[in-house]
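Structure record follows, encoded as structure tokens.
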Amino acid sequence: MASEKEGGTTTVPARPGDEAQDRSFHSVGKPIRRVDARGKVTGETRFADDLSLPGMLHMKLKRSTVPHARILAVDATRALALPGVRAVLTGKEFPVPYGILPVSQDENALCTDKVRFVGDPVAAVVAVDELTAEEGARLVEVKYEPLTTIGSPEEALRNPEPQIHAYGKGNIHRSVAFDFGDVPGAIAGAAHVFEDSFFYQGNTHLPLEQHATLAYLDQNGLLTISSSTQVPHYLHRAASKVLGLPPARVRIIAPPQGGGFGGKTDPFNHEIVAGKAALLTGRPVKIALTREEVFFCHRGRHPVQMRMKTGVDAEGRILGHSVETLLDGGAYGSYGMASMHYTGALETVTYRMDRYRFRGCRTFTNKPPCGPKRGHGTPQPRFGLEVQIDKICEKLGIDPAEWRIRNAVPPDSVTANWMKVGTIGLVACLEAVVKASGWKERRGKLGRGRGLGIAASSYMCGAGHPIYFNDMPHSGVQLLLDRGGGVTAYCGSTEVGQGSDNVLALLIAEVLGVEPADVKLVTGDTSLTPIDLGSYSSRVTLMMGNAAIDAAERARDRLAIAAAQKLGIPPERVGFGGGRVFDVSDPGTGMTFAEAVVRAESAGGTVGVVGSYRPPPPPARYKGGGVGPSPAYSYSAAVVEVEADETTGIVRPVKIWVAHDIGRSLNPVAVRGQVVGSVYMGLGEALMEEQAFKRLPPKLSSALVHVGPSMLDYKSPLTLDMPEVECFLVEDPEPSGPFGAKEVGQGPLLPIPPALANAVHDALGVRVDEVPVTPEKVMAALRSPSRRCGPEGFPVVPWPEALDVPPPWEGGDGNARNEPPRPPKKKEGVRP
Amino acid sequence: MQDFSFHKPQNLAAAVDTLKKRPEAKALGGGQSLIPVMKLGLAAPSDLVSVAGLAELRGIKVDGKELVVGAGMTHAEVADSAEVKKAIPALAALAGHIGDAQVRNRGTLGGSLAHDDPAADYPAAVLALGATVVTDRRKIAADDFFRGLYQTALGADEIVTSVRFPIPEKAAYAKFAHPASKFALVGVMVAKGPAGVRVAVTGAGPGVFRQADMERALGGRWAADALAGVAVKAEGLNADPYGSAEYRAHLIGVMARRAVAAAG
């Protein structure tokens, strides 16, 4: 039965000059109820699918039934004849391509000449109600000329033709190669060399809220699109571009969402088509996707094949580490270029390695496109690395927890691939889970069928660069203080359930000495709020948080000057707290917060301020080094205890101890919630979830289809499958974080799959070098003479010439030695 | 889901009458099989005739050497029934592990049998115990009732009213549940009783089936290790992303041994 146990909080002693550590707080660090909690638990929160307008029309998409084909004709005659149908849209309406990354503008809102996977939208039918729209979509007739289906990365490599997209090399979307020092040389001189192949299956986000969009023209003719999107800013760009409207004539609103996990981080075809339909009909147009369609939107975890080769000295210290990854990208670019870089970029930030070599290749296939899911591109190589370390320790007779503690990257390092890390709570995380789980006494001693496994990990607190390179802030917060003492905060940040609204209100309240509930929020609206780039890459707490503090401090300064004048003291002596503004050396003397606002407004006009945040420039300067840098990195460690049945192969997690380096918890209850949620999602990936495909029999078109695009067929753990989770928070305030806070939304997922696989080895002595660890694979490993189940090798990939980037300790400066001269920096350049 | 008319007849005769008059009508038990199928667009009956609450389909009693369970009894009612626990504890245990609590509170014995999902639990019990399915018009032996994937001997307007289970000397059910749906990836019911030794397998093939080799082995000696030499062929078994045919064949052996051991 699922339960959550509150482990301790470890506070790392302050370093000299660490002021944030000494500060006392009103709201930060307290288990206060979330500002959005009431609406969520009473059902009053209005999600996108709750929105409705008078005269609203409904839209359904006609989706491709074949995986790869040219569109010969789309006949809407019968659909248009159906009573109640108001419009049918096709690809002709959408000649302008779009995509989340500037380098992958490869989607059309409706397919123009080709379909690329079963589920690709070909036409949209707008009707007076949803059932009529659905029937209309059924009546749209599409003639296809089938093309060869590319079903896997191997098929993509073997068949450059037919090309799924007109860019890339054959069906290779992009491949990259980096040498951070001479890894073959390091391996040649190593005492022990380990080579392993791993596979991490694709899986999907499965947010409980399915995507929904309502598009309408407001009374001034402004096209407004309310949509379940994690990225209103990027949807704004894409919709304006495709619809041919100046951005100022398009407004995107992101209502609160029932989960995103990266699945709502692309601009989506249905959002843009709904906008077009509203423009064409002059009526509000709504589309609510079915669960099946959410599986087609996908953008989930890439299936990744990996080869890892590591050379260590006699003590197990890593001299050289090589990672090769092959990604099954699906039918479109999406974030795929970034995903591919992420399968290598964070390999270096946990354990010391002298030299590092990375090769990555992403292929197009005729499946729903893969993209970013919680952990974006890093859980796959993290699985490989953490399992390989377990094997290294087994061979060398080293305790794998001890190895990790001994080899942890020290704080304030620059790694072999030029990632600059600040605070590192990795050792404290490891020590917490080792102690609580009884690791030293219990590992290897639980008897056959029961075992413990350990793994650790790291994740970014926001990307160091925006998707479109520019010099502007990544997040902006505007504050308006009213004469009644109210504070209204405006920010483009998007509440997807992760708690961003709460962080925003909390930080402003903390600085101004008011209660979080007194801060009114306007978020996720491109017409009303300053830009926040979106809820992705665990960037919101750090970036929005710093912008919020910046804005609140500016407001505080204005109030302090006005209050100081009245109190006859210098502004530095003015304090804020409990809804009052007072003399810190005589706290009884002061005024209400509202009076301070009135004084400031009388003295200097309306009290409206802005704050913003832009991360510092990272040291990585080589091409491709734009993916991976972050102002800060969180760390996690987990011990998983399993029962594994050698007669059926089923693995049941019994208990999980997880520790997360949060820097500082702004709200410990919310932080623990994210940690446990990450553990849950990690367990689903580790044990059962698969975005898998099959070919239909020839009599049914041989199409490559999803095996089960429904919650009945897609396996995900239920509450009864959740073991007890004991959660520890490690607090070591990060100077670049708001009051020292780091991310928690993604990092704690990462150690779960490898810790589980390592636990299976402790229980049964077999290795499953694949995710998910299914009962059938455990049985296969038990039967295999090698006591292993996993890929038998790695495909031959035509790697490009490697960029030669010396690590910092080999005389590098962050540039590649052999890089061709880079074009001068454009105002909005192209990355990576 | 397509629109449909909903009927709630007062008695069994009226229900049968409605089904006879409307050829596209379907009888509805607890709605745990038919409603999901309708939501997926795989069935679109013109009418639904609710039968679960009919008095003729209610009740559990022991009648001589048989346990009689009304077709309208929910899985939860069967699982909790003192009569069932006493007469055939294996049947109560099976019912108590169908789906989840919500499914068990709605789903009915008759609905499960009429739907005949290849991974449903009840068909294994009916077949292994050599039960008799009683309808509004006749009695059908278990061996004649199940006809493969979603197919039964029932006529389109025929309603299951009860099932008569001969009380066995020994019986037990062991299943390996699908992690999401809790349907049986493989479920094996073993029984030794008036109908002899019977082994029924669900989840593994296109429909529930008896395992003759295992029945012979257990007929010779009722012990888990008597099954050691019985090879289960993968041929004809289901293969899907949740398990290959070979893995299901392996599980049939494991589950059968566990069931025999549990039956004692």
Side-chain angles (χ1 to χ4, degrees), chain A residues 1 129-132 134-135 137-138 201-203 206 290-292 645-653 683-695 697 705-722 772-783 789, chain B residues 1-4 32-33 35-42 44 97 99-104 117 119 174-188 203-204 224-225 227-228 234 237-259 261:
Chain A
M1 186 69 191
D129 59 45
E130 206 174 3
L131 284 178
T132 308
E134 190 175 5
E135 178 62 12
R138 205 181 57 78
Q201 174 64 295
N203 49 60
L206 215 69
T290 62
R291 178 59 64 182
E292 184 180 24
D645 177 358
E646 62 183 319
T647 59
T648 62
I650 194 148
V651 174
R652 197 171 69 83
L683 274 180
E685 299 193 9
L687 287 169
M688 57 183 82
E689 294 190 29
E690 294 188 66
Q691 172 96 341
F693 297 82
K694 65 176 177 189
R695 284 194 198 260
V705 298
H706 195 293
V707 295
S710 75
M711 280 179 132
L712 182 62
D713 292 312
Y714 183 86
K715 295 178 290 180
S716 191
L718 306 171
T719 49
L720 294 175
D721 300 316
M722 265 304 271
V773 180
T774 62
E776 192 161 0
K777 289 177 192 167
V778 174
M779 287 313 298
L782 283 163
R783 287 199 186 120
C789 175
Chain B
M1 197 195 289
Q2 297 295 307
D3 288 351
F4 57 87
Q32 300 306 294
S33 301
I35 300 293
V37 166
M38 288 167 65
K39 282 168 122 174
L40 289 170
L42 298 174
H97 286 95
D100 50 34
Q102 293 90 329
V103 168
R104 292 193 292 274
D117 190 292
K175 90 163 152 175
F176 190 85
H178 180 292
S181 68
K182 305 300 174 196
F183 270 112
L185 200 66
V186 168
V188 180
D225 60 15
L227 296 171
L237 297 185
N238 296 340
D240 57 32
Y242 318 117
S244 64
E246 291 72 25
Y247 182 58
R248 279 188 164 86
H250 169 74
L251 285 180
I252 289 172
V254 175
M255 293 300 129
R257 287 194 295 277
R258 285 190 185 177

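Note that the structure is predicted; figures quoted are calculated from it, not measured. Note on naming: letters A, B, ... go to the chains in the order of the sequence lines (proteins, then strands), and numbering restarts at 1 for each one.
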Does any heavy atom of chain B fall under 4.5 Å from the side chain of [X], the backbone, both, or neither of them?
| X | answer |
| --- | --- |
| Arg783(A) | side chain |
| Leu131(A) | side chain |
| Ser716(A) | backbone |
| Pro717(A) | neither |
| Leu712(A) | both |

In terms of the angle between their ring planes, are His706(A) and Phe693(A) parallel, tilted or perpendicular, with boundaries placed at 30° and 60°? perpendicular

Could you check which of Glu776(A), Met688(A), Glu135(A) has the highest count of heavy-atom pairs closer than 4.5 Å to chain B? Glu776(A)

Top of Thr774(A), Val707(A), Thr647(A), Thr290(A) for chain B proximity - count of heavy-atom pairs under 4.5 angstrom: Thr647(A)

Give a yes or no on whether the backbone of Thr132(A) and the side-chain of Asp129(A) come within a donor-acceptor separation of less than 3.5 Å. yes

Between Lys777(A) and Pro772(A), is there a donor-acceptor pair closer than 3.5 Å when you use the side chain of the first and the backbone of the second? yes

Do [X] and [Y] have side chains that approach each other closer than 4.5 Å (heavy atoms only, starting at C-beta)?
| X | Y | value |
| --- | --- | --- |
| Leu687(A) | Pro653(A) | yes |
| Leu237(B) | Ile252(B) | yes |
| Val186(B) | Lys175(B) | no |

Considering only heavy atoms and a distance below 4.5 Å, find which of Ser244(B), Gly243(B), Pro36(B), Gly253(B) pairs most often with chain A. Ser244(B)

Salt bridge (Lys or Arg N to Asp or Glu O under 4.0 Å) pairs, two or more places apart, involving residues 248-258 of chain B: Asp645(A)-Arg258(B), Asp240(B)-Arg248(B)

Heavy-atom cut-off 4.5 Å, strictly under: side chain, backbone, both or neither for Phe176(B) against chain A? side chain

